[in-house]
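Computed over heavy atoms, backbone and side chain alike; hydrogens, waters and symmetry mates excluded. From a predicted model like this one, the values you see are computed outputs, not experimental measurements. Reminder, nothing fancy here: chain letters follow the sequence lines and each chain counts from 1.
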Amino acid sequence: MNFNIIEKKWQKYWEDHETFKAQNGGEKPPYYVLVEFPYPSGAGLHVGHVRSYTAQDAIARMKRMQGYNVLFPMGWDAFGAPAEEYAIKNHIHPKEAVTKNISTFKKQMQTLGFSFDWSREFSTTDPEYYKWTQWQFLQFYKHGMAYKATIPVNWCPRCKSVLSNEDAAGGVCERCGIQVVQKEKSQWMLKMASYAEDLLEGLHDTNFAEKVKLGQINWIGKSKGVELDVDIVGGGKFSVFTTCIETIYGITFFVIAPDGKLIKELLPRVENKEEALQYIEETKKKSNMDRTELNKGKTGCLLKGIEAIHPITKKHVPVFLGDFVLGDYGTGAVMAVPSHDERDFEYAKEHHIEMIQVIDGKDTKDHAYEKQDYLGVGAKLINSQEFTGLTVEEAKEKITKKLVDMGIAREVNNYKMRDWIFSRQRFWGEPIPMIYCEKCGWVPMDEKDLPLLLPDVAEYEPTDDGESPLAKIKDWVNTTCPHCGGKARRETDTMPNWAGSSWYFLRFMDPHNQEEFASMDAMKYWGKVDWYNGGMEHTARHLLYARFWVQFLYNIGLVPHKEMIWTRVSHGMVLGSNNEKMSKSKGNVINPDDVVNEFSADILRVYEMFMGDYEQDAPWNTDSLKGCKRFIDKIIRLKEKVVEGSTYSHDLETIIHKTIKKVEQDTLNLGFNTAISSLMILANTYEEKETITKEDYHVLLTLLNPYAPHITEELNEQIGYSPICESSWPKYDEEKTIDQEITIGVQVNGKLRGEIVTSKDEEKDSILEKALNNEKVKQFLEGKEIVKTIVIPNRIVNIVIK
RNA sequence: GCCCAUGUGGCGGAAUAGGUAGACGCACAGGACUUAAAAUCCUGCGGGCUUAAUCACCCAUGCCGGUUCAAGUCCGGCCGUGGGCACCA
């Protein structure tokens with residue numbers, strides 16, 4: 001049997017018959033299966049792609065047979081630095097590289113038989129697509145959600161570009177892995193931080209996997225606390241944010257961020273201005289990474305002439321600069337309680353500041369007694385005036401109330417998540433459709449002039465001065481102001497590659513719409529994405545950006561739901577056979593094309609589904625792949641046993657109904673490996689028989705079809721059935737999934753001593769009688785007193801003796 | 001340090017609500033078929049102890065405890081591995 005020819009044959013059949021084309025509308029209920037569209041790299045499709053695409057393909061194929069109108073689209077996320085770097089290295093235009101890569105990817109996907117609706121294909125780099133990305137940016141701008149700000153940003157010296165906080169997690173460039181540095185630049189920003197609470201709340205309206213939800217919750221990083229005003233001796237005041245207001249009596253100093261706004265205001269009053277300025281300069285030089293890595297001691301600088309007044313005791317306490325306080329979190333200033341915060345403790349030691357323990361229960365000579373240790377254990381306050389003796393929980397509440405009543409504090413929430421830095425100094429991205437006019441300032445382009453096309457140029461290398469390569473293209477940059485008609489310049493930064501992927505799933509619902517990014521009708525028809533599969537690494541980035549983007553569109557009335565993604569799941573990686581991540585340098589890369597050539601697409605698909613728990617990483621194992629070939633060969637051989645018959649063989653009925661149920665449920669619960677295993681069991685059962693009916697064979701082929709679509713269609717055709725892709729999914733009868741005879745274990749004092757055969761739902765008394773009469777069990781009961789018997793029909797018998 | 005995940009044979013991994021641990025597959029060993037190989041088929045395959053071989057028994061889901069008639073599964077405490085975050089007040 002030539003797998004190659006068969007696979008081509010059926011791929012052509014599907015194409016000719018437009019089998020997988022989804023219609024917007026109709027009788028059938030809609031079902032949207034989505035898998036992250038890939039970045040079409042030069043390396044081609046990875047076996048890891050095959051794993052998740054096959055999984056979603058199996059769901060899509062099964063759902064179609066179950067009578068759903070399934071949307072299973074595919075496209076290309078093709079903007080971004082890798083394409084640009086590839087292009088620079090090979091001296092071709094990124095557009096050409098992308099076109100070539102897309103065609104390779106598409107061919108590979110088609111070879112594997114994924115049931116994508118190719119009529120909806122697009123790339124984020126298509127002007128007809130990025131026109132709408134730009135249009136949506138203008139909506140952000142027009143609703144006050146996009147602004148330009150000069151801020152210290154993460155700058156990657158190698159990529160020569162600004163990175164978002166999400167892209168620079170851990171202080172290193174996400175792509176090239178080198179340390180990022182801080183640089184002041186004027187950037188477009190999207191006000192994502194203002195959506196922090198909505199993004200948290202919205203998670204309740206999703207069915208994301210728990211770990212995905214947690215990933216987002218952690219990234220958003222909400223803390224509840226109190227913002228407290230602190231007066232300065234001689235007038236003026238500042239605020240601090242704290243989550244531990246119960247320690248207020250332990251304040252012995254305050255620390256403010258050297259990179260924050262506050263110090264700029266206070267500086268004129270600082271007596272040791274020179275020293276302070278020097279410290280600020282030093283801080284600026286350190287990147288975020290250094291600041292955390294140094295971690296050696298707590299550097300800082302006392303601000304002479306600035307003394308704070310303790311809000312309750314009215315004592316005067318010193319104020320310091322310290323780089324462990326971040327300028328862009330909270331208020332950029334903290335109240336320091338060295339007895340109850342390790343950082344404050346270290347700082348106090350370093351700078352010889354007094355400490356006051358205010359929570360009893362642990363010695364604070366060597367270390368602070370921190371909140372994670374004193375909360376929830378009934379710890380009580382000391383040295384805290386009228387609050388002494390209260391538990392920390394009571395004190396938290398009462399102190400807050402007192403301060404709020406005094407009018408010097410507010411309960412607030414703070415979030416780690418910041419606004420989205422939306423500018424990149426790169427060529428290969430969506431141009432930001434903004435124009436700068438000396439007279440009018442930043443002016444948005446007229447919507448009817450979109451798309452703002454990327455110019456065709458010869459030079460797209462990034463520049464050392466931190467400007468986008470677009471800045472060099474004078475006739476593109478120079479334009480007229482849409483407002484006053486005067487001379488103006490275009491924004492030369494481009495969007496991050498997360499922009500295009502933030503709304504592509506909406507476009508798939510209505511991909512050829514010329515008037516809108518997608519019609520409200522189409523989006524209402526399809527509703528939320530039913531299944532969205534993607535990598536865990538996108539949890540804090542793509543998925544968060546996409547949700548933010550959708551929530552914004554919802555708030556301005558352009559999408560029907562605040563959350564457009566219902567279930568989000570993620571797959572484990574396919575590792576090399578040495579259990580390490582596949583990489584060229586390790587020489588453990590498996591190319592799916594080779595596997596298809598040597599085995600077949602179906603075998604590769606079945607293997608990747610069978611290789612292990614879908615959500616866990618799994619190493620590649622060629623031997624195991626051969627086992628899957630044996631399974632497919634067995635399926636083929638079974639055809640020789642087929643005889644006429646339009647019903648299931650009587651003795652196979654139970655196992656067939658059981659298998660239908662199992663495959664159906666497992667396929668929808670990410671249990672792909674156990675679905676395949678139950679099909680193996682069914683095939684093994686068939687093999688033991690002399691003959692099987694056509695119907696027996698047909699049902700096996702149908703159940704296997706979502707996983708191995710080509711060979712099953714071929715065999716099914718050979719026994720004279722019409723194509724599986726046009727048939728319906730078999731139904732199981734719950735009654736028939738249950739064995740009439742069940743063998744159960746008999747335990748004596750919890751240890752298995754024998755087995756008995758019972759009929760389904762047999763009476764307890766009758767089961768017990770059988771158990772007591774079991775020869776082996778009898779031996780253990782001899783001369784003993786039966787204290788208790790437990791009989792669970794269909795499951796177990798346990799006899800307790802003394 | 002904090003958060004998450006995870007720990008079951010030689011290996012990948014099974015085990016709805018606690019109910020016969022090791023499904024299914026791989027590898028390995030022995031055998032059949034073959035001139036031979038491949039393919040296929042049959043048998044065995046956690047450890048220990050016994051035995052001529054069986055039968056039987058004992059131990060076993062990272063470690064230590066607990067709850068229960070019964071624990072891979074529930075609870076408490078440790079240890080290991082992988083990942084994420086990390087001076088976030």
Side-chain angles (χ1 to χ4, degrees), chain A residues 169-171 210-212 214-215 217-219 221-223 225-226 240-244 247 254-255 257 288 291-295 298 322-326 328-337 340-344 346-347 370-372 414-418 536-537 539-540 572-573 579 607 610-613 615-631 633-634 637 662 665 669 671 673-681 683-684 687 743-756 776 779 787-792 794-801:
Chain A
E210 254 343 278
K211 61 177 175 178
V212 173
L214 265 167
I217 290 168
N218 288 341
W219 188 265
K222 177 177 182 173
S223 0
V226 173
V240 295
F241 173 72
T242 180
T243 56
C244 307
T247 62
F254 290 90
V255 188
N288 269 347
R291 278 167 75 168
T292 52
E293 253 196 355
L294 282 177
N295 206 16
K298 293 280 182 283
D323 67 9
F324 76 91
V325 179
L326 307 173
D328 61 350
Y329 180 78
T331 60
V334 299
M335 59 181 231
V337 184
H340 301 289
D341 182 289
E342 194 63 29
R343 294 158 303 178
D344 299 347
E346 285 170 26
Y347 197 93
E370 294 193 280
K371 62 178 168 186
Q372 63 263 31
N414 257 305
Y415 305 89
K416 288 193 210 174
M417 189 178 73
R418 317 289 156 89
M536 266 317 275
E537 72 275 19
T539 300
M573 269 190 296
N579 242 310
Y607 168 62
F610 185 65
M611 72 195 308
D613 181 341
E615 294 182 276
Q616 302 290 326
D617 294 349
W620 185 266
N621 182 328
T622 303
D623 281 330
S624 201
L625 174 69
K626 285 178 193 156
C628 292
K629 175 174 164 45
R630 264 177 233 162
F631 169 57
D633 287 342
K634 186 180 285 181
R637 277 200 311 277
K662 178 128 183 87
Q665 291 184 347
N669 289 307
N673 53 340
T674 47
I676 302 277
S677 122
S678 71
L679 288 167
M680 287 173 171
I681 293 170
N684 291 346
E687 209 180 27
T743 304
I744 64 172
V746 180
Q747 299 176 333
V748 177
N749 281 354
K751 289 196 172 168
L752 183 71
R753 298 302 183 186
E755 278 183 347
I756 54 172
K776 280 171 73 181
Q779 293 171 19
V787 187
K788 191 176 179 183
T789 57
I790 294 109
V791 180
I792 316 283
N794 308 334
R795 288 209 171 269
I796 200 105
V797 176
N798 193 5
I799 300 164
V800 187
I801 57 170

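Minimum atom distance to the side chain of A:Phe324 is reached by B:C87, of the listed B:A15, B:G19, B:C87. With distances taken from any side-chain atom of A:Ala618 to the nucleotides B:A27, B:G13, B:C85, the minimum falls on B:G13. Considering only the side chain of A:Glu687, B:C41 comes nearest among B:G12, B:C41, B:U40. The side chain of A:Leu752 has B:U20 as its nearest neighbour among B:G25, B:G12, B:U20. Minimum atom distance to the side chain of A:Arg753 is reached by B:C58, of the listed B:C58, B:A89, B:C3. Comparing atom distances between the A:Met680 side chain and each of B:C58, B:A23, B:G25 picks out B:G25 as nearest. Comparing atom distances between the A:Leu214 side chain and each of B:C4, B:C41, B:C26 picks out B:C4 as nearest. Which of B:A27, B:C41, B:C24 sits closest to the side chain of A:Phe610 comes down to B:C24. Nearest nucleotide to the side chain of A:Asn673, out of B:A89, B:G13, B:C24: B:G13. Among the nucleotides B:C85, B:U6, B:G19, the one closest to the side chain of A:Trp219 is B:C85.
No engagement by A:Lys626 is indicated, since no non-hydrogen atom pair under 4.0 Å with the nucleic acid exists. Contact annotation for A:Thr789: no contact, since no heavy-atom pair falls under 4.0 Å across all strands. Across all strands, A:Ile792 comes closer than 4.0 Å to base atoms (heavy-atom distances). Within the 4.0 angstrom heavy-atom criterion, only backbone atoms of the sugar-phosphate kind lie near A:Gly627; the bases stay farther away. Heavy atoms of A:Asp613 sit under 4.0 angstrom from primed sugar atoms or phosphate atoms, though from no base atom. Residue-level contact check: A:Glu370 touches neither bases nor backbone, having no heavy atom under 4.0 Å from any strand. Here A:Ile790 lies in heavy-atom contact (under 4.0 Å) with a base. Residue contacts for A:Asp617: at a heavy-atom cut-off of 4.0 Å it reaches the sugar-phosphate backbone alone, with no base atom in range.
Side-chain atoms of A:Asn414 do not come within 3.5 Å of backbone N or O of A:Ser223 as any donor-acceptor pair. A:Gln747 contributes no side-chain N or O that, together with a main-chain N or O of A:Ile796, makes up a donor-acceptor pair within less than 3.5 Å. Checked by atom type and distance alone, the side chain of A:Asn579 never pairs as donor or acceptor with a backbone atom of A:Pro619 at under 3.5 Å. Using modelled atom types, one side-chain atom of A:Thr247 and one backbone atom of A:Cys244 make a donor-acceptor pair closer than 3.5 Å. Although no hydrogens or angles enter the test, the distance criterion places no donor-acceptor pair under 3.5 Å between the side chain of A:Asp341 and the main chain of A:Ala336.
Rounded to whole Å, the separation between the C1' atoms of B:G66 and B:G18 comes to 15 Å. Nucleotides B:A21 and B:G80 have their C1' atoms positioned 23 Å apart, rounded to a whole Å. B:A39 and B:C45 have their C1' atoms separated by 23 Å, with the value rounded to a whole Å. If you take atom C1' in B:C49 and the same atom in B:A38, they sit 42 Å apart, rounded to whole Å. The gap from the P atom of B:A17 to that of B:C26 amounts to 29 Å, rounded to the nearest Å. To the nearest whole angstrom, the two P atoms, one in B:G7 and one in B:G62, are 8 Å apart. Remark: the separation of the P atoms in B:C3 and B:C58 is 43 Å, to the nearest Å. With both ends at atom C1', the span from B:C75 to B:G83 equals 27 Å, rounded to whole Å.
Pairing of B:C85, defined by two Watson-Crick or G-U wobble distances under 3.5 Å, is identified with B:G1. Pair assignment for B:U6: B:G80, on the basis of Watson-Crick or G-U wobble contacts that are both within less than 3.5 Å. Base pairing of B:A29 is made with B:U43, judged by Watson-Crick or G-U wobble geometry with both donor-acceptor distances under 3.5 Å. Base pairing annotation: B:A71 forms no Watson-Crick or G-U wobble pair, as no partner gives both donor-acceptor distances under 3.5 Å.
Under 3.5 Å, the side chain of A:Lys298 and the base of B:C87 form at least one donor-acceptor pair of N or O atoms. If you check distances only, the side chain of A:Asn798 does reach the base of B:C69 with a donor-acceptor pair under 3.5 Å.
Per the geometry, CZ belonging to A:Arg795 stands 13 Å off P belonging to B:A21, to the nearest Å. Note: CD (A:Glu755) to P (B:A21) measures 10 Å, nearest angstrom. In this entry the distance linking CG of A:Leu326 with C1' of B:A89 reads 9 Å, nearest Å. Between the CD atom of A:Glu615 and the C1' atom of B:G12 there is a distance of 17 Å, given to the nearest Å. Look at CD on A:Glu342: it is 14 Å from C1' on B:C2, rounded to the nearest Å. Counting to the nearest Å, the P atom of B:C85 and the CD1 atom of A:Ile217 are 16 Å from each other. A:Asp341 places its CG atom 14 Å from the C1' atom of B:A86, with the value rounded to the nearest Å. Between A:Met536 atom CE and B:C85 atom P there is a gap of 11 Å when expressed in whole angstrom units.
Listed pair A:Arg637 / B:A39 fails the phosphate criterion, with no side-chain N or O lying under 4.0 Å from OP1 or OP2. A:Asn684 has a side-chain polar atom (N or O) that falls below the 4.0 Å cut-off from OP1 or OP2 of B:G25. In this structure, A:Lys211 does not reach the B:C4 phosphate: none of its side-chain N or O atoms is under 4.0 Å from OP1 or OP2. At B:A56, one or more side-chain N or O atoms of A:Lys776 fall inside 4.0 Å of OP1 or OP2 (strictly under the cut-off). OP1 or OP2 of B:C59 has at least one side-chain nitrogen or oxygen of A:Lys751 nearer than 4.0 Å. Between A:Ser223 and B:A89, a side-chain N or O to OP1/OP2 separation shorter than 4.0 Å is present.
Closest-nucleotide positions on RNA chain B for A:Lys788 and A:Lys662 were compared, and the one nearer the 5' end corresponds to A:Lys662. Residue A:Gln372 is the one, among A:Val334 and A:Gln372, whose nearest nucleotide of RNA chain B lies closer to the 5' end (criterion: closest heavy atom).
Pairing each heavy atom of A:Met335 with each of A:Asp344, the nearest pair is O-OD2, 3.8 Å. Of all non-hydrogen atoms in A:Val240 and A:Val334, the two that sit nearest each other are CG1-C, 3.6 Å.
Side chains of A:Asn684 and A:Lys634: a donor-acceptor N/O pair is present below 3.5 angstrom, by distance only.
Against the 90° criterion about 0, the sugar-base torsion of B:G9 places it in the syn range.
Looking at A:Lys629 and A:Asp633, a side-chain N of the basic residue comes within less than 4.0 Å of a carboxylate O on the acidic one, giving a salt bridge.
Classification of the A:Tyr329-A:Phe241 ring pair by plane angle, with boundaries at 30° and 60°, yields perpendicular.
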